[in-house]
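Heads up, the thing below is written out as structure tokens.
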Amino acid sequence: MQKTISPLTQASNLHLENEHLKSSNSFLSCTGSIQPSALGNAQFKKEYGLKYAYIAGGMYRGIASKELVISLANAGVMGFLGTGGRQLKDIEQDIVHIQSKLTHGQAYGMNMVANLDSPDTELATIELYLKYGIKCIEAAAFIRITPALVLYRLQGLYQDEQGNVRSHNKLIAKLSRPEVANNFLCPAPQQIVQQLLDEHKITAEQARLSQSIFMCDDICVEADSGGHTDRGQPAVLLPAIQSLRDQKVAEFGFLYSPRVGLGGGIGTPNAAAAAFMMGADFILTGSINQCTVEAGTSDTVKHMLQHINVQDTEYAPAGDMFESGAKVQVLKKGSFFAARANKLFQLYQQYDSLDALPQRIQAQLQDKYFNMSFDEIWQQTKDYLLASKRPHDVERAEKDGKYKMARVFRWYFAHSMKLAFRGDEQMRVNFQVHTGPALGAFNQWVKGTELEPWQNRHVDKIADKLMQNTADLMNAKVQQLLAANLVYK
């Protein structure tokens with residue numbers, strides 16, 4: 001029996017095909033050459049008001065600084081303020097500053113990192129964004145849809161003149177797993193919608209409209225990158241998520257089709273060209289922006305990063321998800337952090353408490369790794385947890401030796417990051433610096449040019465150069481193919 005396709009699904013499929021055609025055909029200008037401003041999805045650029053299909057991800061603890069966001073916005077590129085691990089009052093100050101500088105509708109956004117330990121922090125952060133009318137967030141490290149994300153999405157819902165459901169609040173989901181993409185390529189979970197409705201955080205109309213729109217506007221597929229990473233391969237991940245997107249658009253019959261971009265490993269024109277040729281609607285850069293004038297980290301770290309090559313990174317446990325064994329990619333050259341962090345995780349797996357550690361290991365950790373006793377670290381940790389209104393974590397640690405060991409070990413991860421931000425030369429062996437091999441490739445690409453010293457690297461100039469050189473590379477490849485075809489004929 002032949003399957004009947006509804007008119008709505010037919011319209012959705014036709015719209016999807018047109019979007020893909022527009023994206024691929026936009027490469028060529030009327031002169032027949034590829035222009036940097038024409039790369040990527042035209043609708044993506046139009047909707048966000050961008051010069052390029054290029055965005056810069058929000059790096060942890062404000063490395064993606066307010067200065068970085070403003071510089072990119074004024075150049076027609078969207079950057080996301082790095083808010084993970086920061087206090088709400090500091091985020092608020094940065095938002096006020098950004099909004100005071102960007103008064104002509106320039107595009108910018110806020111990073112939103114999942115907080116498994118404190119859903120209340122997620123919610124408070126989203127409420128801050130809603131208070132200041134933030135129109136775009138980058139949702140990173142989420143493994144499921146949370147009430148905070150649903151609240152943000154639903155409070156922006158409306159119907160346009162044609163009756164289509166849209167959202168003023170744009171959500172770009174940064175992810176590396178199909179099952180996570182599947183969550184974002186569905187309407188908001190009805191259980192969470194009902195919860196927010198019962199709490200009077202959304203209206204009945206918003207609840208009704210929620211089932212007629214995806215949870216995200218766009219997806220950024222994150223391949224092997226700095227920070228949290230699943231070590232994904234772009235040539236494998238991107239087609240898989242694109243295919244899933246197409247299936248979901250056909251399944252739900254929504255008029256709107258989320259765009260799919262690519263981040264992770266993009267530090268050279270070759271990488272960017274490969275992304276666009278694979279059909280990426282936009283690209284996202286991260287590590288290369290950390291070694292710039294605008295990046296909110298220390299000059300010492302920038303000096304270290306300027307000299308790395310593609311082999312100078314390593315995987316280490318993620319401090320915020322230590323017990324689960326999740327990994328981050330960090331700087332290896334010039335720092336012992338990766339080796340020491342991996343040793344801590346090995347010890348956590350092997351022993352049940354700090355007291356169970358051999359005396360030799362206890363001395364090594366306290367004297368060489370931490371430069372502080374376990375008792376002193378626990379007191380600091382305890383004070384922090386109590387100040388964060390988490391007395392239950394303190395109670396659990398004082399009863400559960402293994403959990404207490406995890407909390408003490410977690411202290412090292414926070415401490416090592418603070419050392420890097422301060423640029424403490426005496427303690428550089430403990431610096432935790434999230435970065436990926438894309439920066440090593442970038443360093444090789446700009447070697448011998450004016451961009452070799454980090455003091456000359458500005459995020460807006462990097463965006464311009466990368467996109468222009470990507471277009472130049474693609475034009476050269478087209479000419480080579482045409483020449484080879486003529487010879488063959």
Side-chain angles (χ1 to χ4, degrees), residues 6-9 11-12 15-16 43 47-48 83 88 95 109-116 118-175 178-220 244-260:
S6 71
L8 189 59
T9 301
S12 175
H15 171 76
L16 188 62
Q43 190 62 30
E47 207 162 289
Y48 292 104
T83 61
L88 284 179
I95 291 173
M110 298 289 132
N111 179 240
M112 181 68 208
V113 180
N115 193 325
L116 299 177
S118 180
D120 289 343
T121 300
E122 273 187 24
L123 200 57
T125 305
I126 286 297
E127 287 172 344
L128 178 68
Y129 294 166
L130 292 170
K131 174 184 174 182
Y132 283 94
I134 301 302
K135 296 304 180 187
C136 184
I137 65 170
E138 173 198 45
F142 284 86
I143 58 176
R144 60 179 178 271
I145 304 300
T146 67
L149 292 180
V150 176
L151 175 64
Y152 180 79
R153 187 65 165 159
L154 268 55
Q155 281 210 3
L157 294 184
Y158 70 99
Q159 285 182 288
D160 63 18
E161 294 177 353
Q162 288 74 42
N164 300 312
V165 179
R166 299 187 180 276
S167 180
H168 291 297
N169 297 338
K170 304 296 182 186
L171 192 154
I172 300 177
K174 190 160 68 174
L175 49 84
E179 69 269 24
V180 177
N182 186 76
N183 293 335
F184 282 97
L185 290 169
C186 289
Q190 291 186 338
Q191 181 180 354
I192 296 177
V193 173
Q194 188 62 49
Q195 173 191 333
L196 294 174
L197 185 61
D198 293 342
E199 294 171 353
H200 306 291
K201 291 183 175 179
I202 60 171
T203 67
E205 177 69 1
Q206 288 167 341
R208 183 182 67 82
L209 296 178
S210 71
Q211 300 307 296
S212 298
I213 192 170
F214 294 117
M215 266 301 299
C216 69
D217 291 276
D218 301 288
I219 287 174
C220 179
L244 178 63
R245 182 271 317 272
D246 295 348
Q247 292 170 26
K248 288 295 183 178
V249 169
E251 175 185 340
F252 285 100
F254 298 158
L255 180 64
Y256 179 76
S257 173
R259 280 82 46 144
V260 180

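Counting begins at 1 with the first residue of the sequence. Computation of the quantities below employed the complete heavy-atom set of this structure, encompassing side-chain atoms and omitting hydrogens, waters and symmetry-equivalent molecules.
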Item to check | Under the ring-ring contact (aromatic ring centres under 6.0 Å, His included) test, residues paired with Phe214 that sit two or more places apart | outcome: Phe252, Phe254

Checklist entry - What residues form a ring-ring contact (aromatic ring centres under 6.0 Å, His included) with Tyr48, not counting sequence neighbours? => result Phe44

Next on the checklist: Under a plain distance cut-off of 3.5 Å, with no hydrogens placed, do Glu179 and Asn183 share a side-chain donor-acceptor pair?
Outcome noted: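 Looking only at side-chain atoms, Glu179 and Asn183 do not form any donor-acceptor pair under 3.5 Å.
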
Next on the checklist: Please tell me whether Ser167 and Tyr256 have a donor and an acceptor in their side chains that are separated by less than 3.5 angstrom.
Outcome noted: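 The answer is no; no qualifying pair exists.
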
Checklist entry - Among Val180, Asn182, Ile143, whose side-chain contact (heavy atoms from CB on, under 4.5 Å) with Leu175 holds? => result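 Considering Val180, Asn182, Ile143, a side-chain contact (heavy atoms from CB on, under 4.5 Å) with Leu175 is found only for Val180.
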
Item to check | Leu88/Thr125 under side chain to side chain contact (heavy atoms under 4.5 Å, CB included): CA gap, chis, key distance, verdict | outcome: CA-CA 7 Å; Leu88 284 179; Thr125 305; 3.6 Å; yes

Checklist entry - So, does Tyr152 use its side chain to make a donor-acceptor pair with the main chain of Cys136 at under 3.5 Å? => result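 Side chain of Tyr152 to backbone of Cys136, a donor-acceptor pair under 3.5 Å: yes, one is there.
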
Checklist entry - Does Asp218 use its side chain to pair, donor to acceptor, with the backbone of Pro258 at less than 3.5 Å? => result no

Checklist entry - Considering all heavy atoms of both residues, which atom of Lys201 and which atom of Gln155 are nearest to each other, and what is their separation? => result O-NE2, 3.0 Å

Checklist outcome for this item: All heavy atoms of Leu171 vs all of Ala139, minimum pair found to be CD2-CB, 4.1 Å

Item to check | side chain to side chain contact (heavy atoms under 4.5 Å, CB included) between Glu122 and Met112, intermediate numbers included | outcome: CA-CA 8 Å; Glu122 273 187 24; Met112 181 68 208; 3.6 Å; yes

Determine whether more than 12 heavy atoms belonging to other residues, nucleotides or ligands lie under 6.0 Å from atom [atom1] of [X].
X: Gln190; atom1: CD; answer: no
X: Arg144; atom1: CZ; answer: no
X: Gln191; atom1: CD; answer: no

State the [atom1]-[atom2] distance between [X] and [Y], to the nearest 0.5 angstrom.
X: Leu116; Y: Thr121; atom1: CG; atom2: OG1; answer: 11.5 Å
X: His168; Y: Arg153; atom1: NE2; atom2: CZ; answer: 11.5 Å
X: Cys216; Y: Arg245; atom1: SG; atom2: CZ; answer: 10.0 Å
X: Thr203; Y: Arg208; atom1: OG1; atom2: CZ; answer: 9.5 Å
X: Leu123; Y: Thr146; atom1: CG; atom2: OG1; answer: 8.5 Å
X: Ile134; Y: Met110; atom1: CD1; atom2: CE; answer: 4.5 Å

Checklist entry - Which pairs, with at least one residue in residues 131-143 and sequence neighbours excluded, count as a salt bridge (Lys or Arg N to Asp or Glu O under 4.0 Å)? => result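 Non-adjacent pairs meeting salt bridge (Lys or Arg N to Asp or Glu O under 4.0 Å): Glu92-Lys131, Glu138-Lys174.
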
Next on the checklist: With a 4.5 Å cut-off on side-chain heavy atoms, are Ile219 and Leu185 touching?
Outcome noted: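 Heavy-atom side-chain distance check passes, below 4.5 Å.
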
Apply side chain to side chain contact (heavy atoms under 4.5 Å, CB included) to [X] and list each qualifying residue two or more places apart in sequence or on a separate chain.
X: Val165; value: Leu157, Gln159, Leu209, Ser212, Ile213
X: Asp160; value: Tyr158, Gln162, Asn164, Arg166
X: Val150; value: Ile145, Leu154, Ala188, Pro189, Ile192, Val193, Leu196, Met215

Checklist entry - Run the side chain to side chain contact (heavy atoms under 4.5 Å, CB included) check on Ile137 and Ile126 step by step: do they pass? => result CA-CA 9 Å; Ile137 65 170; Ile126 286 297; 4.0 Å; yes

